[in-house]
> 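Sending over a structure as structure tokens; questions will come in a sec.
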Amino acid sequence: MSDSTAYEGALADYFAGNATDGPYNAHTDRPAMLALAGDVRGLRVLDVGCGAGHYIAELRARGAAEVVGVEGSATLLDHARERTGDDPAVSLHQHDLEEPLVFLPDDSFDLCVVALVHHHLDARRELLAELHRVLRPGGTLLLSTVHPTADWVWHGGSYFDEDRVETRFGDSGTTNSYRRMTMQTLLGELLDTGLVLERLVEPRATEAARQVDEARYRKTHQTPFFVAVRMRKVQEEPSVEEGRA
């Protein structure tokens, strides 16, 4: 995310705490995304918009061989460093996600995770092209974002509006900015990269969220807050000449 949309200062501190045990990040989005990931043992993983490092810590605990985190916020990276400690299999980079991932080589990751950051970006297509580039053939992209229906319910107007909106950020007393998109736009941009859609889920909060916040738990069972997808980079078929070699 750019300087104008990255969470910094008090907002970043609030997010880092809320994402640890909040009903939406910890008990709705993250369980769904990790279920889509499946067995990550031995995988090299890229976490784009890694925030305070919650996914990195979880992926390492589940056996990922190496996790590279990329984040635009210096404050959130401080939280990520505190959460991941001196783990030699974790590397963290501060980088504006509106810009190409030039420091990452082609075909170098088995799994890319983009959790609840996509809707903040303007250069969405450019980032998706970069993720396709750095994924190995057969590799997986996991991406979650705000559900288009939720935006329609919360902000009104037309479902087809794709404007940038300001929304209240939990109980922090602050707002954050992101861009609305339709389901057609979201899936169209993903499929235009050449990635293949394997699964789409509309997560609802787990029972653990009920213990944290009963009202917000119920909200996710009435309105779809998020949508998460698993995409695959297609293995290239060998040419006839290669097959005869």
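All residue numbers in this chain count up from 1 along the given sequence.
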> Does Glu162 offer a backbone N or O that forms a donor-acceptor pair with the side chain of Arg179 under 3.5 Å?
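Flag set: sc Arg179 to bb Glu162 pair under 3.5 Å.
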> Would you give me the side-chain donor-acceptor pairs under 3.5 Å for residues 110-118, sequence neighbours excluded?
unit_1 : atom_1 : unit_2 : atom_2 : d
Asp110 : OD1    : Arg136 : NH1    : 3.0
Asp110 : OD2    : Arg44  : N      : 2.8
Asp110 : OD2    : Arg136 : NH1    : 3.1

> About how many Å separate CD of Glu71 and CG of Leu92, when rounded to the nearest 0.5 Å?
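That separation rounds to 9.5 Å.
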> Ser177 and Glu166: which non-hydrogen atoms are nearest, and at how many Å?
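Shortest heavy-atom contact: CB-OE2, 3.2 Å.
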> Using side-chain heavy atoms (C-beta onward) and a distance below 4.5 Å, is Arg62 in contact with Leu34?
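Yes, their side chains come closer than 4.5 Å.
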> Would you say Arg133's side chain and Leu101's backbone share a donor-acceptor pair under 3.5 angstrom?
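Yes; judged by distance alone, with no hydrogens or angles, the pair exists.
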> Tell me, with the steps shown, if Thr140 and Leu36 meet side chain to side chain contact (heavy atoms under 4.5 Å, CB included).
CA-CA 10 Å; Thr140 301; Leu36 286 176; over 6 Å; no
> Indicate if Val70 and Val67 have the same hydrophobic cluster label, given that clusters are the connected sets of ILVMFWY residues with side-chain heavy-atom separations under 4.5 angstrom.
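Different clusters: Val70 never reaches Val67 through Ile, Leu, Val, Met, Phe, Trp or Tyr contacts under 4.5 Å.
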> Counting N and O atoms only, with roles assigned by atom type, does the side chain of Thr193 sit under 3.5 Å from a partner on the main chain of Glu189, one being a donor and the other an acceptor?
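Flag not set: sc Thr193 to bb Glu189 has no pair under 3.5 Å.
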> What's the shortest heavy-atom distance between Phe226 and His147, and which atoms?
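Minimum heavy-atom separation between Phe226 and His147: O-CD2, 3.5 Å.
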> Roughly how far, to the nearest 0.5 Å, is the CZ atom of Arg199 from the CG atom of Leu142?
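Taking CG in Leu142 and CZ in Arg199, the distance rounds to 11.5 Å.
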> Checking the side chain of Glu8 only, and the main-chain atoms of Thr75 only, is there a donor and an acceptor separated by less than 3.5 Å?
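Present.
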> Which heavy atom in Val212 sits nearest to a heavy atom in Pro23, and how many Å separate them?
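Taking Val212 first and Pro23 second, the nearest heavy atoms are CG1-CD, 4.1 Å.
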> Determine, step by step, whether Thr145 and Tyr178 satisfy the side chain to side chain contact (heavy atoms under 4.5 Å, CB included) criterion, reporting the C-alpha distance in whole Å, the side-chain angles of both residues, the deciding distance to 0.1 Å, and the verdict.
CA-CA 10 Å; Thr145 190; Tyr178 68 90; over 6 Å; no
> Do Val134 and Leu121 belong to the same hydrophobic cluster, where Ile, Leu, Val, Met, Phe, Trp and Tyr are linked whenever their side-chain heavy atoms lie under 4.5 Å apart, directly or via other members?
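Yes, Val134 and Leu121 fall within the same hydrophobic cluster.
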> Roughly how far, to the nearest 0.5 Å, is CG of Leu197 from CZ of Arg232?
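Result: 11.5 Å between the selected atoms.
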> Do Trp154 and Val165 have side-chain heavy atoms sitting under 4.5 Å apart?
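Of all side-chain heavy-atom pairs linking Val165 with Trp154, none is under 4.5 Å.
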> Just by distance, do the side chain of Arg60 and the backbone of Ala64 share a donor-acceptor pair under 3.5 Å?
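Present.
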> Is there a donor-acceptor pair closer than 3.5 Å between any side-chain N or O of Trp152 and the backbone N or O of Ser158?
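No; zero donor-acceptor contacts below 3.5 Å.
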> Between Thr185 and Arg124, is any pair of side-chain heavy atoms under 4.5 Å apart?
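Yes; the side chains approach each other to less than 4.5 Å.
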> If you count every heavy atom of other residues, nucleotides or ligands that lies below 6.0 Å from Arg180 atom CZ, does the total exceed 12?
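Enclosed.
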> How are the rings of Tyr24 and Phe225 set to each other: parallel, tilted or perpendicular (split at 30° and 60°)?
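Tilted, since the angle between the ring planes falls between 30° and 60°.
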> Are there over 12 heavy-atom neighbours, none belonging to Phe160, within less than 6.0 Å of that residue's CZ?
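Check fails, neighbour count at 12 or below.
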> Rounded to the nearest 0.5 Å, what's the gap from CG on Leu200 to CE on Met183? Could you check?
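Reported value, rounded in 0.5 Å steps: 5.5 Å.
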> Hey, are the side chains of Pro203 and Asp29 touching, using non-hydrogen atoms and a 4.5 Å cut-off?
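Heavy-atom side-chain distance check fails, nothing below 4.5 Å.
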> Please check if Leu141 and Val45 belong to a single hydrophobic cluster, counting links between Ile, Leu, Val, Met, Phe, Trp and Tyr side chain heavy atoms closer than 4.5 Å.
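In one cluster with Leu141: Val45, no.
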> Before you tell me yes or no, could you show the steps for Asp122 and Arg164 under side chain to side chain contact (heavy atoms under 4.5 Å, CB included), namely the whole-Å CA-CA distance, both residues' side-chain angles and the distance that decides it to 0.1 Å?
CA-CA 9 Å; Asp122 288 317; Arg164 185 168 280 279; 3.1 Å; yes
> Nearest 0.5 Å, please: how far is OH in Tyr217 from CD in Glu207?
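Going from the CD atom of Glu207 to the OH atom of Tyr217 covers 4.0 Å.
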> Determine the minimum heavy-atom distance between Tyr7 and Ala12, stating which atoms define it.
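Answer, listing the atom of Tyr7 first, then Ala12: O-CB, 3.3 Å.
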> Tell me, do Leu187 and Val229 make a side-chain contact under 4.5 Å, heavy atoms counted?
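Leu187 vs Val229: side chains touch.
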> Do the side chain of Asp161 and the main chain of Asp163 share a donor and acceptor less than 3.5 angstrom apart?
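Pair absent, no side-chain N/O of Asp161 close to backbone of Asp163.
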> Quick one: closest heavy-atom pair of Asp151 and Val146, and the distance?
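Looking at all heavy atoms of both residues, the shortest contact is OD1-CG1, 3.5 Å.
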> Taking only residues at least two apart or on different chains, which pairs with a member in residues 30-81 satisfy ring pair (Phe, Tyr, Trp, His ring centres under 6.0 Å)?
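Those involving residues 30-81 do not exist here.
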> Is any side-chain heavy atom of Leu186 less than 4.5 Å from a side-chain heavy atom of Leu143?
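Yes; the side chains approach each other to less than 4.5 Å.
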> Could you tell me the separation between the CG atom of Asp78 and the CZ atom of Arg83, rounded to the nearest 0.5 Å?
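Reported to 0.5 Å precision, the distance equals 12.0 Å.
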> Can you see which heavy atom on Leu135 is nearest to which on Lys233, and at what distance?
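Between these two residues, the closest heavy atoms are O-NZ, 2.6 Å.
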> Grouping I, L, V, M, F, W and Y whenever their side-chain heavy atoms are under 4.5 Å apart, do Met181 and Leu97 come out in a common cluster?
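Linked within one cluster.
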> Phe109, Leu59: one ILVMFWY side-chain cluster at the under-4.5 Å cut-off?
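They do not share one cluster, since no chain of ILVMFWY contacts under 4.5 Å joins Phe109 to Leu59.
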